[in-house]
Each structure stands twice: as C-alpha cells, then as structure tokens.
Asker: 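Structure in structure tokens, see below.
One-based numbering along the sequence shown. Computation of the quantities below employed the complete heavy-atom set of this structure, encompassing side-chain atoms and omitting hydrogens, waters and symmetry-equivalent molecules.
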Amino acid sequence: MPKVSVMMPAYNAESFISEALDSILSQDYSDFQIVVSDDASTDGTANIIRRYKEKYPDKIIAIFNPVNLGVTANCNLALKHCVGDYVSLFAGDDVMLPGKLSRQVALMNGDPECVLCYHPVEIFDSDTNKTLYVTNQHRGEDVYSTEDLLLKGGIPGGCSIMVRRSAMPEGGYDERLKTVSDWLFFLEISMRGNLRKVDEVLARYRKHVGGASRQTYSLLAESLYALDIFQEKNYVHSGLDALVCQAKARYLAGEAFRQLKDNPRTALRLSAEILDLQQSLKYQVLHLVAWINCYAPGGRFLIGWPIVRFKYFLKRVVG
C-alpha cells in the first residue's frame with residue numbers, strides 16, 4: 001500500500017495535464033499512487049490519461065466518468081480510490097516542484113498530530129508562464145488553526161495541501177456544496193489536529209481563464225453556505241458563532257474589493273452587508289471607499305490605483 005495518494009481531479013485539461021503528471025512522476029519520493037479522475041472532459045484529456053496509465057500501470061489509477069459529476073462529486077469519487085496514509089491534493093493543471101512529496105511526508109511522519117500541511121506556491125499566469133506572486137510570504141497569511149482557516153479564508157494554492165487520510169471527514173467533501181467544498185473540508189480536518197507549514201515553495205498554481213479563482217462572485221453564496229454548514233456541524237463549540245461571523249465579514253470584504261473595479265454598486269452593497277455582520281474601522285473605511293468609488297465625481301479614478309495595494313496591506317500585513 002503506498003504511503004501517499006496524489007488525488008488529481010481533471011476536466012478539459014489537455015493542454016496542462018501531461019506537465020502535471022510528469023511533475024508528480026519525477027518527484028524524488030517514490031512511494032505514491034496517482035488517482036486521476038477525468039470528469040467527462042470534452043477535449044483530449046482522457047486520451048492523455050490513458051497513455052500515462054498504460055506507461056505507468058503500477059502508479060496510476062485512472063477513472064473516466066461517463067457523465068460530468070461536477071467538482072465536489074468528482075473529488076469524492078477520486079478520494080474513494082486513495083489508500084495512502086496521506087493524500088496530496090492536486091489538480092490537472094498545476095505543477096509540483098522538486099522535493100514536494102518528500103518534504104511533506106517527512107513533516108507528517110515527524111508529527112503524528114499533524115492532520116494537514118501546506119507550503120507557499122507560485123501563482124503563475126497560464127498564458128505567459130510569468131509568476132504573478134508567491135503565497136505565504138508574510139506571517140499574517142500563515143494558517144495554523146481552525147480559527148486561522150476561518151478568518152483567513154482558507155489556504156491559498158490548494159495544490160500545496162497534504163492531509164492525513166484518517167482525519168478526513170466521513171464521506172469526504174460535503175456534496176451540498178457543488179464547487180467550493182474544499183474550505184469546509186479543510187475546516188473539518190483542522191478540528192482533529194495540528195496544521196503545519198513547510199516553509200519552501202514546492203508547487204506552481206496555474207491561473208487561467210475559467211479557473212475558480214476568476215469566478216469568486218458567482219460562488220459567493222455557496223462559500224457563505226459552507227460556513228453555515230460548518231457552524232451547524234460544530235454547534236457545540238463555544239465561540240464558534242463569533243468566528244463564523246468574522247469569517248463571513250472577511251470573505252465579503254475580499255469580494256467587495258474585487259468588485260470595486262468591475263461593479264461599484266455591487267461593491268457598495270457588499271460593504272454594507274459586512275457592517276451588518278461586524279463593525280470595525282477597516283470595514284467602515286472599506287464602505288467609505290466603496291461609496292466614493294460609486295458616487296463621488298472622479299472617485300473611480302482616485303480609488304483605482306491605490307486600492308490593490310491597500311487590499312494587499314490589509315490582507316497580508318494587518319491580517
């Protein structure tokens with residue numbers, strides 16, 4: 001039985017999946033299986049997977065869905081075939097850097113109470129291959145507890161995450177959430193042990209048109225619903241209600257910032273909703289900024305340049 005299962009859901013990834021698979025197969029750690037589940041791709045993804053399966057029959061378990069199941073259900077199908085002590089979460093369009101699996105396995109082996117570990121990743125533009133930024137470069141971004149996961153909105157770069165299989169919630173990802181079930185999944189795991197960081201950049205996360213990171217507003221309601229489910233599942237824990245309220249405010253704030261440029265009225269509405277959840281100076285400032293951006297003459301011009309830097313300062317430095 002392999003020590004590590006690399007879980008790789010895939011959909012229409014023919015341009016990227018060979019690089020993703022090669023980056024796993026070239027790791028300096030060999031005690032792993034790859035469970036790749038193609039979710040009824042309409043391009044050549046399935047054929048590429050078949051070729052790799054034929055070449056590496058002892059390493060790769062290939063699943064081909066006859067119909068599209070969606071992100072969450074496809075991940076759960078792949079999880080059912082993961083038998084390793086540790087599950088490395090990956091995607092058909094990301095890239096492992098050398099040493100990723102060995103570094104994370106060493107950390108998990110050395111800390112039996114560690115249920116999830118992660119590392120910084122390069123976020124890169126798919127079209128240009130240019131690195132846009134590197135995650136977790138400030139202490140304010142790091143995640144070591146359930147509270148951190150709630151208040152920091154998760155762990156940037158899901159391809160960095162390795163979890164202890166015995167700590168996963170029964171049933172895996174919650175299928176009431178069709179797309180953004182990973183946040184709830186990590187929150188549930190975090191309740192069962194320690195979260196640790198490997199302080200090395202060990203993967204590259206691809207940003208491209210159609211990626212989930214470009215669809216945040218359409219997924220807003222589902223993301224907030226994930227917090228409701230978490231609260232429901234853990235209602236006996238004191239102090240959780242206040243943390244979930246703070247988490248919702250922070251999540252809405254992130255989306256309000258994104259909407260300042262694309263839809264000022266939406267940004268203003270979201271900033272008002274935040275103040276219903278939590279009154280704090282930074283959110284009052286955000287609401288003022290959204291109002292100026294929406295209504296003041298020349299407001300969009302004045303707000304446009306500094307707002308990205310202000311968001312960066314709040315998120316990565318202030319916390």
Asker: Answer yes or no: is there a donor N or O on one side and an acceptor on the other, between the side chain of Lys53 and the main chain of Ala62, under 3.5 Å?
Answerer: no

Asker: Applying side-chain contact (heavy atoms from CB on, under 4.5 Å) to Leu89 and Met162, what does each step give before you reach the verdict?
Answerer: CA-CA 6 Å; Leu89 306 178; Met162 179 179 285; over 6 Å; no

Asker: For the side chain of Asn293 and the backbone of Pro264, is there at least one donor-acceptor N/O pair under 3.5 Å apart?
Answerer: no

Asker: Quick check: do Asp125 and Thr128 have side-chain heavy atoms less than 4.5 Å from each other?
Answerer: yes

Asker: Which heavy-atom pair separates Met96 from Ser23 by the least distance, and what is that distance?
Answerer: N-OG, 3.0 Å

Asker: Is the closest side-chain donor-acceptor distance between Asn74 and Ser37 under 3.5 Å?
Answerer: yes

Asker: If we only count heavy atoms from C-beta on, is the Phe32 to Val105 side-chain gap below 4.5 Å?
Answerer: no

Asker: Taking atom CZ of Phe90 and atom CD1 of Ile161, what is their separation to the nearest 0.5 Å?
Answerer: 12.0 Å

Asker: Sequence neighbours left out, what passes side chain to side chain donor-acceptor pair (under 3.5 Å) with Asn234? Give chain and number order.
Answerer: none

Asker: Glu122 and salt bridge (Lys or Arg N to Asp or Glu O under 4.0 Å): which single residue from Arg204, Arg206, Lys207, Lys130 fits?
Answerer: Arg204

Asker: Specify whether Trp183 and Tyr251 have parallel, tilted or perpendicular ring planes, treating 30° as the upper limit for parallel and 60° as the lower limit for perpendicular.
Answerer: parallel

Asker: Show your reasoning for whether side-chain hydrogen bond (donor to acceptor under 3.5 Å, both in side chains) applies to Ser102 and Asp28.
Answerer: CA-CA 7 Å; Ser102 59; Asp28 61 1; 3.0 Å; yes

Asker: Got a sec, which residues hit side-chain contact (heavy atoms from CB on, under 4.5 Å) with Thr146, two or more places apart in sequence or on another chain?
Answerer: Leu150, Leu187, Ser190, Met191, Phe230

Asker: Quick check: does any side chain N or O of Lys178 sit under 3.5 Å from a backbone N or O of Glu175, one acting as donor and the other as acceptor?
Answerer: yes

Asker: Quick one, Phe124 and Leu132 - any side-chain contact, counting heavy atoms below 4.5 Å?
Answerer: no

Asker: Decide yes or no for Leu286 and Phe257: does some side-chain heavy atom of the first lie under 4.5 Å from some side-chain heavy atom of the second?
Answerer: yes

Asker: With ILVMFWY side chains joined below 4.5 Å, transitively, what does Met1's cluster contain besides itself?
Answerer: Val83

Asker: Do the charged groups of Arg51 and Glu54 touch, with an N to O distance under 4.0 Å?
Answerer: no

Asker: Can a donor-acceptor pair be found, under 3.5 Å and without considering hydrogens, that links the side chain of Glu141 to the backbone of Gln137?
Answerer: yes

Asker: Identify the heavy atoms of Arg165 and Gly84 that sit nearest to each other, and give their distance.
Answerer: NE-O, 2.6 Å

Asker: Please check if Leu97 and Val134 belong to a single hydrophobic cluster, counting links between Ile, Leu, Val, Met, Phe, Trp and Tyr side chain heavy atoms closer than 4.5 Å.
Answerer: yes

Asker: Closer than 3.5 angstrom, by distance alone: can the side chain of Arg196 be matched with the main-chain N or O of Cys114 as a donor-acceptor pair?
Answerer: no

Asker: Of all residues at least two apart in sequence or in a different chain, which pass the side-chain contact (heavy atoms from CB on, under 4.5 Å) check with Glu200?
Answerer: Arg103, Val198, Leu202

Asker: May I ask you to check whether over 12 heavy atoms, not counting those of Arg176, lie within 6.0 Å of atom CZ?
Answerer: yes

Asker: The test is side-chain contact (heavy atoms from CB on, under 4.5 Å); show your working for Tyr118 and Leu116 and say whether it passes.
Answerer: CA-CA 7 Å; Tyr118 66 98; Leu116 181 154; 4.2 Å; yes

Asker: Aromatic rings Tyr295 and Trp291: how do their planes relate, parallel, tilted or perpendicular, breaks at 30° and 60°?
Answerer: tilted

Asker: Out of curiosity, Leu220 CG to Arg258 CZ, how far, rounded to the nearest 0.5 Å?
Answerer: 9.0 Å

Asker: For the pair Gln104 (side chain) and Ser160 (backbone), establish whether a donor and an acceptor sit closer than 3.5 Å, ignoring hydrogens and angles.
Answerer: yes

Asker: Over all heavy atoms of both residues, which pair between Pro120 and Asp199 is shortest? Give the atoms and the distance, please.
Answerer: CG-OD1, 4.2 Å

Asker: Evaluate side-chain contact (heavy atoms from CB on, under 4.5 Å) for Thr72 paired with Asp174, printing each intermediate quantity in order.
Answerer: CA-CA 7 Å; Thr72 299; Asp174 194 310; over 6 Å; no

Asker: Do Val87 and Leu101 belong together in a cluster built from hydrophobic side chains that touch within less than 4.5 Å?
Answerer: no

Asker: Considering residues at least two apart in sequence or located in another chain, which fulfil the side-chain contact (heavy atoms from CB on, under 4.5 Å) criterion with Lys248?
Answerer: Leu224, Leu227, Asp228, Val244, Leu277

Asker: Report the residues that fulfil side-chain contact (heavy atoms from CB on, under 4.5 Å) with Ser41, sequence neighbours left out, ordered by chain and then residue number.
Answerer: Tyr11, Asn12, Asp38, Asp43, Thr45

Asker: Is there a side-chain contact between Val121 and Val201, using heavy atoms and a 4.5 Å cut-off?
Answerer: no

Asker: Does Leu107 offer a backbone N or O that forms a donor-acceptor pair with the side chain of Asp111 under 3.5 Å?
Answerer: no

Asker: Does NZ or CZ of Arg50 come closer than 6.0 Å to the centre of the six-membered ring of Phe64, within 45° of the ring's axis?
Answerer: yes

Asker: With a 4.5 Å cut-off on side-chain heavy-atom distances among I, L, V, M, F, W and Y, is there a chain of contacts connecting Ile189 to Leu177?
Answerer: yes

Asker: Return each pair, listed once, that meets side-chain hydrogen bond (donor to acceptor under 3.5 Å, both in side chains) where at least one residue sits in residues 85-95; pairs must be two or more places apart or across chains.
Answerer: Lys3-Asp85, Tyr86-Asn109, Asp93-His208

Asker: List the residues meeting side chain to side chain donor-acceptor pair (under 3.5 Å) with Thr266, not counting sequence neighbours, and say none if there are none.
Answerer: Asn263

Asker: Leu275, Leu260: one ILVMFWY side-chain cluster at the under-4.5 Å cut-off?
Answerer: yes

Asker: For the pair Phe185 and Leu79, evaluate side-chain contact (heavy atoms from CB on, under 4.5 Å) and give the outcome as yes or no after the intermediate values.
Answerer: CA-CA 12 Å; Phe185 184 69; Leu79 270 186; 4.2 Å; yes

Asker: Between the main-chain N or O of Val180 and the side-chain N or O of Glu222, is there a donor-acceptor pair closer than 3.5 Å?
Answerer: yes

Asker: Under 4.5 Å between side-chain heavy atoms, hopping through other hydrophobics if needed: is there a path connecting Leu25 to Met7?
Answerer: no

Asker: Taking side chain to side chain donor-acceptor pair (under 3.5 Å) as the definition, give me every residue that meets it alongside Arg192, ordered by chain and number, with sequence neighbours left out.
Answerer: none

Asker: What's the shortest heavy-atom distance between Ala256 and Ser271, and which atoms?
Answerer: CB-N, 4.4 Å

Asker: Can you tell if the side chain of Thr131 reaches within under 4.5 Å of the side chain of Ile123, non-hydrogen atoms only?
Answerer: no

Asker: Glu188: which residues meet the side chain to side chain donor-acceptor pair (under 3.5 Å) condition with it, sequence neighbours left out?
Answerer: Lys233

Asker: For Val36 versus Ala10, what's the shortest heavy-atom pair and its separation?
Answerer: CG2-CB, 4.4 Å

Asker: Which pair of heavy atoms, one from Ala20 and one from Ala91, lies closest together, and at what distance?
Answerer: CB-O, 3.9 Å

Asker: Among all residues two or more places apart in sequence or in another chain, which pass the salt bridge (charged side-chain N to carboxylate O under 4.0 Å, His left out) test with Asp31?
Answerer: none

Asker: Between the main-chain N or O of Asn136 and the side-chain N or O of Lys197, is there a donor-acceptor pair closer than 3.5 Å?
Answerer: yes

Asker: Do Gln246 and Arg250 come within less than 4.5 Å of each other through their side chains, counting heavy atoms only?
Answerer: no

Asker: Tracing side-chain links under 4.5 Å among I, L, V, M, F, W and Y, which residues wind up in one group with Ile63?
Answerer: Val35, Ile61, Val67, Leu69, Leu77

